[in-house]
Number of protein chains: 2
Amino acid sequence: MPKAARNIGLRDVARVAGVSTATVSRAMNNPETVSEELRARIASVVDHLGWVPHGAARALATRRTGTIGAVFPTLTHGDFARAIQALQHELSKSGYTLLLACSEYNPKQEYEQVRKLIERGVDAIVLVGEAHHPDVSGLIQKNNIPHVNTFVYNPETHGTCVGPDNRKALYKLTNYLIELGHRSFGIVAQTAENNDRAQARLDGVRDALAEKSIAIQPRHFAQGHWGINEGRQLFRRILESKPWPTAVLCGNAYLSVGAVLESQAMGIKVPEDMSIVGYDDIEMMSELPVPITTVRVLSDEVGRRTARLLVAKIENKPIGLDLECDAEIVVRKSSGPAKA
Amino acid sequence: MPKAARNIGLRDVARVAGVSTATVSRAMNNPETVSEELRARIASVVDHLGWVPHGAARALATRRTGTIGAVFPTLTHGDFARAIQALQHELSKSGYTLLLACSEYNPKQEYEQVRKLIERGVDAIVLVGEAHHPDVSGLIQKNNIPHVNTFVYNPETHGTCVGPDNRKALYKLTNYLIELGHRSFGIVAQTAENNDRAQARLDGVRDALAEKSIAIQPRHFAQGHWGINEGRQLFRRILESKPWPTAVLCGNAYLSVGAVLESQAMGIKVPEDMSIVGYDDIEMMSELPVPITTVRVLSDEVGRRTARLLVAKIENKPIGLDLECDAEIVVRKSSGPAKA
DNA sequence: TTGTAAGCGTTATCAT
DNA sequence: ATGATAACGCTTACAA
């Protein structure tokens, strides 16, 4: 147990200022209901004593903590990091603070984190994706906590999600390649395990191909996680035997960077011999010798809108906000017409 | 104001289980002091009622929140993100949660964030660097909160910092280049404004050069922030007029990637015509066609050790831990002997 | 406009 | 081993 150093409290301020505790409290939270004179006197005492209100006590009394909980799969992906930063920035404008946790793509861990966050009394919860541990939604419901699923948009669950429509995005991207004449595709996919967004993107590709009766050969399909080196390996595996696909779709930014770097190392001409496209837009993709065609989602925008949506929910205000974020195809040099 | 839905509380559990509130509390926090029978009965009631303890109330009673506050300049730099993730992971093992804020390299904002964190009752605080707003240390001291400065190591402030010795790291790196015969240096520096680590690194370079009476020509010194594109521009600016330096030191990973990509675009042979080195090690640096020599700091390790140090401080345990993190020079193809 | 006093949901100190 | 009960520091009816 820590020392018993009685700290400065509201009562001390009240005593020194010669007013009641209620007045000090009001002076802090509803200044307009306190006479100017007292307000000034109290302010100076607060300053002089260096009093910092005790959040837990306030939380206990108001039943609100001013704290928002977020569980992200990882913080090291640039898009999540940007979203978190924007989320944090926007929330702090409204006086909220971010309580951050990390699930490491593990649903059980996500559940535990959510539980902990609720215990900490968060006023709302932010998650990524719509696929969660079966008990998560029950937990959130039971405690009656506003929540938002990010990086997904699903018309059927409107109002609870903010992000791009992953399926639609890759449906569009695939059709763009089909229009360029491509008929043979390779996929360097991000594993869809515990990742409904990756799954949705894969579905988008498959839907688009199915409409043209194009099938993907098993040997042209490779799955991995994340990382330039992994992208290289998977890309190489797809090209193990000929004939090669004329277009390769990559599941995320880093996989696509790896694929393009490997293609260069192998002496493949991109896009003349082969088109390579990615998902997500990180700076590197436009700076490489062969800039990479990709889908750009403004992650900061996801974060910002999530923040606004949350605040609206917490404060029971109307949601005047478009919850579907654009997923724009950015055409760069790595894609072109299919080789004749 | 939110609805008044009286929630399930400790008293409800006590009532249903037919014991006192004190016993329930004990059963939760010191199970060994409660008879097996009651413990089981209480556990089942807790489960059945779906009771989640109220953190704020607990915090009010114990004067501890189980929450650690951290203020980082940004979350989008890979090294910070990794450190935060490791920090979070390690802290959660000991039952702590991370309250995260972002200063955006703005000291005043950092101060505000620290203040807010203290108000939220954090048990300890994590900052980056040792240069803070003048009032920060007073605030922390006054509230008697354990704190750690990360990504710095300074023997003079031992026990309050965890990280690499930035000055020493670049002193070593510079000497490595000097030993390769380089005498004319260019610097693509990270601006040192509000960034004592960048300053320390710059000092390391200058100290090493000064020992050999080497001066840097003003036109060979460029300063920027972060980003591949910025690295390109600054690199190009340094090469505006001849003679060129034979070695270019870059202030961070992205600046060095930009420099190397630009050197390739300009047809400069690296390392034959020029050596280029960076600081920090991100995956891309080893995957580029010309892998980049750099200084590797294990940011996860910084995060992990910070967590352990904090927990030790909070719980008044001895610190059995090396607080200086290695900064290892990783030699790759981008550096070599100076051109004759 | 200001003061009084009853909570808010736990923990911890006493007794028993 | 268990129970009563006083904190913990603030907010907020309700009274004045």
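Letters A, B, ... mirror the listed sequences (proteins, then strands); counts begin at 1.
A perpendicular orientation is assigned to the rings of B:F80 and B:F151, their planes being inclined by more than 60° (bins at 30° and 60°).
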Side chain to side chain donor-acceptor pair (under 3.5 Å) between B:Q85 and A:T74: does it pass, once the steps are laid out? CA-CA 7 Å; B:Q85 184 153 345; A:T74 171; 3.2 Å; yes

Could you please spell out the steps behind the side chain to side chain donor-acceptor pair (under 3.5 Å) verdict for A:H89 and A:D300? CA-CA 10 Å; A:H89 185 96; A:D300 336 44; over 6 Å; no

B:R120 and B:T67: side chain to side chain donor-acceptor pair (under 3.5 Å), yes or no, with the steps? CA-CA 9 Å; B:R120 297 275 190 262; B:T67 268; over 6 Å; no

Decide side chain to side chain donor-acceptor pair (under 3.5 Å) for B:R115 and B:N143; before the verdict, give the C-alpha distance in whole Å, the side-chain angles of both, and the deciding distance to 0.1 Å. CA-CA 10 Å; B:R115 211 191 139 74; B:N143 290 78; over 6 Å; no

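At whole-Å resolution of the value, CD in A:E119 and C1' in C:dT10 are 12 Å apart. One can place CZ of B:R15 at 14 Å from C1' of C:dG9, the figure rounded to the nearest angstrom. Taking atom CH2 on A:W51 and atom C1' on D:dG9, their separation rounds to 9 Å, with Å as the unit. Protein atom CZ of B:R64 is 15 Å distant from nucleotide atom P of D:dG9, rounded to whole Å. D:dG9 atom P lies 17 Å from atom CE of A:M28, rounded to whole Å. The distance from atom CD1 of A:I118 to atom P of C:dG9 is 17 Å, rounded to the nearest whole Å. Atom CZ of B:R11 is separated from atom P of D:dA4 by 13 Å (rounded to the nearest Å).
Minimum atom distance to the side chain of B:S20 is reached by D:dG3, of the listed D:dT11, C:dT4, D:dG3.
At the phosphate of C:dG9, OP1 or OP2 sits under 4.0 Å from a side-chain N or O atom of A:R63. For the pair B:R58 and C:dT11, the criterion of a side-chain N or O lying under 4.0 Å from OP1 or OP2 is met. In this structure, B:S25 does not reach the C:dT10 phosphate: none of its side-chain N or O atoms is under 4.0 Å from OP1 or OP2. Here A:T23 reaches the OP1 or OP2 of C:dG3: one of its side-chain N or O atoms lies under 4.0 Å away.
Annotation: proximity of residues 29-45 of chain A to DNA chain D (heavy atom, distance under 4.0 Å) is found for A:N29, numbered in ascending order.
Looking only at side-chain heavy atoms (C-beta outward), A:I68 and A:I125 stay at 4.5 Å or farther from each other. Counting only heavy atoms from C-beta outward, the side chains of A:R64 and A:Y96 approach each other to under 4.5 Å.
Residue pairs that meet the side-chain hydrogen bond (donor to acceptor under 3.5 Å, both in side chains) test with at least one member in residues 155-164 of chain B, sequence neighbours left out, are B:E130-B:T157, B:Y153-B:H158.
Of the candidates A:V136, A:V152, A:T150, A:V136 is the only one forming a side chain to side chain contact (heavy atoms under 4.5 Å, CB included) with A:L127.
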What's touching nucleotides 5-7 of chain D from the protein side, N or O pairs under 3.5 Å?
none

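The residue among B:H54 and B:R26 whose nearest nucleotide of DNA chain C is located toward the 5' end is B:H54.
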